[in-house]
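Contents: one structure, followed by commentary.
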Number of protein chains: 2
Amino acid sequence: MDSRRPAPPPSSGAPEPPTPLPLAGKTAPERADAARNRRRILDAATRIVARHGVRELTVDLVAGEAGIGVGTIYRRFGDRAGLVFALLDEHERDFQREFMAGPPPLGPGAEPTARIRAFLHALADRGAAQFELVLAAEASAPGARYRSGPYAVHHMHLVTLLTQARPPGTDVRFLADALLAPLSALLMDHQRRVRGMGAQGVKAGLDDLLRWSLG
Amino acid sequence: MDSRRPAPPPSSGAPEPPTPLPLAGKTAPERADAARNRRRILDAATRIVARHGVRELTVDLVAGEAGIGVGTIYRRFGDRAGLVFALLDEHERDFQREFMAGPPPLGPGAEPTARIRAFLHALADRGAAQFELVLAAEASAPGARYRSGPYAVHHMHLVTLLTQARPPGTDVRFLADALLAPLSALLMDHQRRVRGMGAQGVKAGLDDLLRWSLG
DNA sequence: CTTGTAATCGGAGTGCGCTCCGGTTACTGT
DNA sequence: ACAGTAACCGGAGCGCACTCCGATTACAAG
């Protein structure tokens, strides 16, 4: 928790090129060997996940497969959670494009309430589709989800939409967190296993919640 | 994930005497030495938390302080999260008494909507008061919160109240999860640190959410 | 090309949660 | 009392995330 090296990844999420995060200031471009190693790490990790599943994705194994040291992985990705989030990053960027510039109702052009609903539904579907990876990412470190780049982006997007949909004076930042909270992979996993509830049930439940909340 | 010893704690939460959990079947009473060791462990853990804080609460340290082996701790409490939940158990039982048999609006006698509101507010206050411990408990293991005894009790209580407050056909089980989700210590920690929001803000936000949801 | 230097690399080392299993101890039936 | 047995105890050992720091290398200035 103190200053040390020049650029230790602030936390998990996306140190350099991924998830552009409007609030990320300029940083020196990546050195050639560093970029090469990032690719090696990502490729090795992808290979291991495809072959043995996310559970076997240990940092030492990735380092061995990539032919580098574990220190390099930590410099690039901060921690194990950061590595898994990086694996999800490609899909994440597609998703971000869809809700920021894609066709309605997910993209601009529809009513804010409709966009909110579409956004939450998309998040539920995505959570179901990439279940293993998302779950592993959120389970890697205690607060990984909230510290991740994608969460900040999703939260900001919801805040924007809610500001348009709700009367002024309401705490849209809390509301955004509250709407995102039921979509945690950890919770969806629990609902799936204990309550036998899938993505459909989650979406239906969210509709109930929104019907009351947003008319 | 397979059958092995006679009685390995089903998970974290409360293996034997704590949190009565209406659905817990009869189990053989605890042996004398086992009970004695549970007390020693709990006392040692309490002492360590008081002296060094929750962060220093390592299983090895507790074992050393209690003068027993680590295996005993794992037999009694399942995992580190179970131990921390056990530390919270005394307050938890008081809290359960209050909302099940205490005075309104938390206890029976008030309108379901009022009870729901009081219950969520109490949960927020409790999360703020016992913050360190609750946070440590939820952060100990990935899904610890949902697997814990207290969560099951809180969920069941909300389901009961929501069934009375909402028209039939709505998925009250999902709704209960969704209302509990924003009260996760992990999320409250994030809101506190990143958004500068305390228990007051959380309660106000919940009121917004409920005002729309429940009239 | 040479040199300076700051970012990068690598892997041995550390701490901690958790498991395993041989030895021990508390209850039950005779 | 006295076995028999089922539960319990303890601590060495394991796997894995993460750190530390001396050696190495990429890039820029002269």
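Please read these numbers as outputs of a predicted model, since none were measured by experiment. Chain identifiers are assigned alphabetically (A, B, ...) following the order of the sequence lines, protein sequences preceding nucleic acid strands; residue numbering begins at 1 within each chain.
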Short side-chain N/O contact from [X] to OP1 or OP2 of [N], under 4.0 Å:
X	N	answer
B:Asn37	D:dC9	yes
A:Thr72	C:dG10	yes
A:Arg76	C:dT8	yes
A:Arg75	D:dT19	no

Close N/O contacts between protein and nucleotides 15-18 of chain C (under 3.5 Å):
unit_1: C:dG17; atom_1: OP2; unit_2: B:Val59; atom_2: N; d: 3.1
unit_1: C:dC18; atom_1: OP2; unit_2: B:Arg80; atom_2: N; d: 2.9

Nearest-Å distance, [atom1] ([X]) to [atom2] ([N])?
X	N	atom1	atom2	value
A:Arg40	C:dG10	CZ	P	8 Å
A:Arg39	C:dT8	CZ	P	18 Å
B:Phe77	D:dC8	CZ	P	13 Å
B:Ile73	C:dT19	CD1	P	13 Å
B:Glu65	D:dG10	CD	C1'	18 Å
A:Ile68	C:dA12	CD1	C1'	16 Å

Practice task
Ignoring the backbone of B:Asp33, work out which of C:dT25, D:dG10, C:dC9 is nearest its side chain.
Solution key: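 Closest of the options to the side chain of B:Asp33: C:dT25.
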Handout entry: Electrostatic pair A:Asp94-A:Arg97, nearest N-O below 4.0 angstrom
Key =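 Here A:Asp94 pairs with A:Arg97 in a salt bridge, since their nearest N and O are under 4.0 Å apart.
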Handout entry: B:Lys203/B:Asp125 ion pair, N-O < 4.0 Å
Key =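 A salt bridge links B:Lys203 with B:Asp125.
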Handout entry: Aromatic ring pairing B:Tyr151/A:His190, orientation class (parallel under 30°, perpendicular over 60°, tilted between)
Key = perpendicular
Exercise for the section: Fit a plane to each ring of A:Phe119 and A:Phe95, take the angle between them on a 0 to 90° scale, and name the class: parallel (under 30°), tilted (30 to 60°) or perpendicular (over 60°). Expected result: parallel
Problem - Non-neighbouring partners of B:Arg193 that pass side chain to side chain donor-acceptor pair (under 3.5 Å), sequence neighbours left out - result: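 Checked B:Arg193 against side chain to side chain donor-acceptor pair (under 3.5 Å); matches are B:Asp189.
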Handout entry: B:Ser140 side chain to B:Ala136 backbone, donor-acceptor under 3.5 Å
Key = yes
Problem - A:Leu161 backbone acceptor or donor facing A:Arg115 side chain under 3.5 Å - result: no
